[in-house]
Structures are given as C-alpha cells and as structure tokens.
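Take a look at the structure set out below.
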2 protein chains.
Amino acid sequence: MTGARMSKGDATRQRLLDAAQRSILEKGFTATSIDELIAECGLTKGGFFYHFKDKNDLAKALLRRYIAEDEEVYDRIFSQARDLVDDPLQVFLLGLKLLADVMGDMPNGHPGCMVAVSTYYERMFDRELRDINTEAALQWRRRFRAILDEIGTRYRPREPVDLDELADLVSSVLEGGIVMAKALHDPVSLKRQILTFRAMVQALFVRIPEG
Amino acid sequence: MTGARMSKGDATRQRLLDAAQRSILEKGFTATSIDELIAECGLTKGGFFYHFKDKNDLAKALLRRYIAEDEEVYDRIFSQARDLVDDPLQVFLLGLKLLADVMGDMPNGHPGCMVAVSTYYERMFDRELRDINTEAALQWRRRFRAILDEIGTRYRPREPVDLDELADLVSSVLEGGIVMAKALHDPVSLKRQILTFRAMVQALFVRIPEG
DNA sequence: CCGAAAACCGACCAGAGGTACAGTTCCGAT
DNA sequence: ATCGGAACTGTACCTCTGGTCGGTTTTCGG
C-alpha cells in the first residue's frame, strides 16, 4: 500500500479493488459491472480475469482487504487510547471518542461497511466468503470483549449485562449508525451516535470500591 | 391484506411484492430479476409491466408497503405497553422487551430491513425513493423522541445526552442488530442486542425526586 | 541480448435484463 | 347478453453482463 514496493500487477490489482469498493458501496455488488471497473482502470476484460478468476473472487479479495484495513484502524485507535490513560473504562471511553472523531472527519461520511453489504448479498456468495464475514464479526466481538473484561475488574454494571452481547452492541451501533447516517443524509450523525452510546457506557458502569 | 376484499389485480400485485421482498432481502435488488418474479407468480413480462412501470416503481411500492407494516408493528407494541404500565420509562422498557420478543420469535431471524437495503443502493434510485427512505428514518426518530420526552418529565439521564440522538440510537441498534445477526448467523442475536440496549437505557435514567 | 514468465488485449459468446406494444381473456356493472 | 375496461399474454427486439480464449506485449533476471 503506502509506498511499499509493488509490482505493476499488484498496483493494477489494487486499483481494481479501489474502484470496485467505491462502486459496490455506492450501488451494490451486482450493479457493479466488470466493464465499468475496467473502463475506470484503463484495462480490458482479459486483464481483469487475469487478476481475479471471477466476480466472487473479486468480492473475496475486497472483503479481506477491507477487514484488514478496518482492524488496523481499531488497533491504532485503541493502542493510542491505552497510551493516554490507564483506567480500562477510560481507555474504552477515550477509544470511542477517538473513533467518533475519525468517523466525523470523513468529509462525505463513512462510505459504508463491506461486511454489512455482504450480509445482504449472502445467498449470492460462496461459503468461503460467508465465513470470512462471520469471522470479521467474531473478531470485533473479541476485541471489544477484551476491553470489557478489563473494565469488569474495576467496575460493575448497574444493570446485568452479558459482556459478549455488550461487545456485539458496539458493532451494532457502528453498523446501524452507518445505515442511519446514509438514510438521514447526515454524515455527522454517525459520530453523534457513537458519542451518545459512549455516554450510555459511562452511565452503565460504576466503580467497585477498592479492597 | 388480511382478508380485505381485493380485486384480482390487487392480489397479483401483492404477490409480486411478496416475492420481490423475499428475493431482494436475500440477494439484493439488482440480483432480483423480473423473470424470476413472474415465474414465481405465474405471469408474463407484460403482466408485470402492467402493474409497475419499471423496476424502480416496484422498489418504491415495496418500500412504502414495508414502512407501513413496520409502523403498524411499532404502533401495536407501544400501545400495548402503554396499556400495561403507566410510568413513561416503564412503557419504553416494556416496549423494548416486547419488540425483542417479536424479533426473537421470527424463526429464521429478521429477514432484513428494506430501508437498510435502500441506503446501500442509493445511487440507483430516483429522488422520490430516497425521500421515502429519509422520511421513514425521521418517523422513527419522532416516535422514539416522543417517548423520551415523556421520560424526561420524571427522569434525568446520568450523563448528558441529546434526546434526538438517543432516539436515533434506538434505530441504529435495530438496524445494526439485524446486520450483526446476519453476519453472525445467529438469529437470536438481534433479540439479545435489544435487551442489552434496554439494560443500558435502564441504567441511564434516574428518577427525579417529586415536587 | 534473450527467453520465459507476467501482464494484458480484444473478439466472441450465451444468456439475462429490460422495453414496447398489439392482441386476447376475464369480469363486473348495466 | 353485452359492453368496456382491467388484467393480462405473446412476441419481437435490443442492450448489457459475466465469462472464455488464443494471441500479443511488457517486464525482468541471467
């Protein structure tokens, strides 16, 4: 990616993935034609099928790449949060704040989540792609769950909640926030949704007395 | 719908919408072919275009019908909640509980939200359809906002939250919960997401002393 | 400079999506 | 019974789409 030495073929592959991602998030998978992609990237049919054996293969590569970049963003944000504060609850709250900022700084709003798109095209894809999708969701759960476990050592929830479900709720708010921001035509909405959720997290946990 | 007298034409129209909704939620809009729909409903191309002037027109009718049914469900649930309890916070909490039950009782999980699908196909649709979509989101906001306003007369939030944003967060949790349930291949997940959110609402509000 | 692998070209195909419209059947009101 | 519109049928046509394949150029190590 960023300046990494890559062959001409790799560069073309990346350009195809970029074009595909933009178009798919805008119009959907089936509405994105191969003809359209190769026109944008300045190559021909043969060139495309040299890189991907079929359209499903493209979707697979795209989803993998998307998830990898997504994970990178989360890693960066939460390691940054850990550097700045110690208390696990404060780490989580700061992480949500930083995440909200990232989402809010996107000029046209979040472009959409490939995982969400894939769930709505489930039946069109092969098993492997569906598994990639499920794994991404589980990865999110593990990530947030880990932080929640740390929080649990020093705080207790005012109301009983299962931590796996609370972890999933973070993902739900993000996915749902993206949908709502698009539906409302209000790019900043996603940021506010995250911050409102953050306030609710803050209200949920109460410090356990030391000892 | 339910037993209401309808002409043969209306019945066909409904069957077409039923088939379209099922297919669109499963495969997406563009992947749903007219040929497929007419085969399922036992009529021909011409018959289809007698009812809908084009595919966009079908989408429009479908979205309108979906939203109307959706509103009916919410109306029923929250009026039921109002009949059972008095306190506004309890009405909201009971409403969320009933909603969770409805979602949990769907054998194959929530089939998906047409509004969410539409947001990911935005650029394909005309302005009218996009407006319908936005209006649906605003309608949800008004609905939940009204309840939250009532709650605000007797409770205060532990952390500062904007009530419009909290209202939108309800929608986000529902939309995101549907996506996550599909991604995780766990139909019951949506129900648990709603209940976890419910617990957070309960933790958020604290009674204002009378007087 | 050479040769082989990588990267790409472009003609072609079968089938699906979508449009148009003239003709036919159904059906209820008069 | 019959008339007129509603509810279709049948067909002809055209574009676009995913995908194939043999051939050509580019690249690059030796």
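Everything numeric here is computed off the predicted structure, so don't read it as measured data. By convention in this document, chain letters (A, B, ...) are assigned in the order of the sequence lines, proteins followed by strands, and residues within each chain are numbered from 1.
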Using atom [atom1] of [X] as one end and atom [atom2] of [N] as the other, report the distance to the nearest whole Å.
| X | N | atom1 | atom2 | answer |
| --- | --- | --- | --- | --- |
| Ile38(B) | dG10(D) | CD1 | P | 11 Å |
| Arg13(A) | dC8(C) | CZ | P | 12 Å |
| Asp57(B) | dG18(C) | CG | P | 13 Å |
| Lys27(B) | dA16(C) | NZ | C1' | 12 Å |
| Asp10(B) | dA7(D) | CG | P | 7 Å |

Salt bridge check, [Y] against [X]: does any charged N sit closer than 4.0 Å to a carboxylate O?
| X | Y | result |
| --- | --- | --- |
| Asp75(A) | Arg143(A) | yes |
| Arg142(B) | Glu135(B) | yes |
| Asp101(B) | Lys97(B) | yes |

Protein-nucleic acid N or O pairs under 3.5 Å, nucleotides 3-5 of chain C:
none

Could you pull out every donor-acceptor pair under 3.5 Å between side chains of residues 167-178 of chain A and any protein atom, sequence neighbours left out?
| residue | atom | partner | partner atom | Å |
| --- | --- | --- | --- | --- |
| Asp168(A) | OD1 | Arg141(A) | NE | 3.0 |
| Asp168(A) | OD2 | Arg141(A) | NE | 3.2 |
| Asp168(A) | OD2 | Arg141(A) | NH2 | 2.8 |
| Ser172(A) | OG | Asp168(A) | O | 3.4 |
| Ser172(A) | OG | Gln193(B) | OE1 | 2.7 |

request  = Measure from the ring center of Phe125(A) to the ring center of Phe29(A) and say whether it is less than 6.0 Å.
outcome  =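 Close enough - the centres of the two rings lie under 6.0 Å apart.
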
When you check the phosphate oxygens OP1 and OP2 of [N], does a side-chain N or O of [X] lie under 4.0 Å from one of them?
| X | N | value |
| --- | --- | --- |
| Thr12(A) | dC8(C) | yes |
| Tyr50(A) | dA7(C) | yes |
| His51(B) | dC8(D) | yes |

ask   = If you draw a 6.0 Å radius around CG in Asp86(A), do more than 12 non-hydrogen atoms from other residues or ligands fall strictly inside?
value =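 No.
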
Spacing of [X] atom [atom1] and [Y] atom [atom2] [to the nearest 0.5 Å]:
| X | Y | atom1 | atom2 | value |
| --- | --- | --- | --- | --- |
| Asp186(A) | Lys191(A) | CG | NZ | 12.0 Å |
| Met114(B) | Ile24(B) | CE | CD1 | 5.0 Å |
| Ile67(A) | Asn133(A) | CD1 | CG | 6.0 Å |

Set out, line by line, the N/O atom pairs under 3.5 Å between protein and nucleotides 14-20 of chain D.
| residue | atom | partner | partner atom | Å |
| --- | --- | --- | --- | --- |
| dG18(D) | OP1 | Thr32(A) | O | 3.4 |
| dG18(D) | OP1 | Lys55(A) | NZ | 3.0 |
| dG18(D) | OP2 | Ile34(A) | N | 2.9 |
| dG18(D) | N7 | Lys45(A) | NZ | 3.2 |
| dG19(D) | OP2 | Lys55(A) | N | 3.0 |
| dG19(D) | O6 | Lys45(A) | NZ | 3.0 |

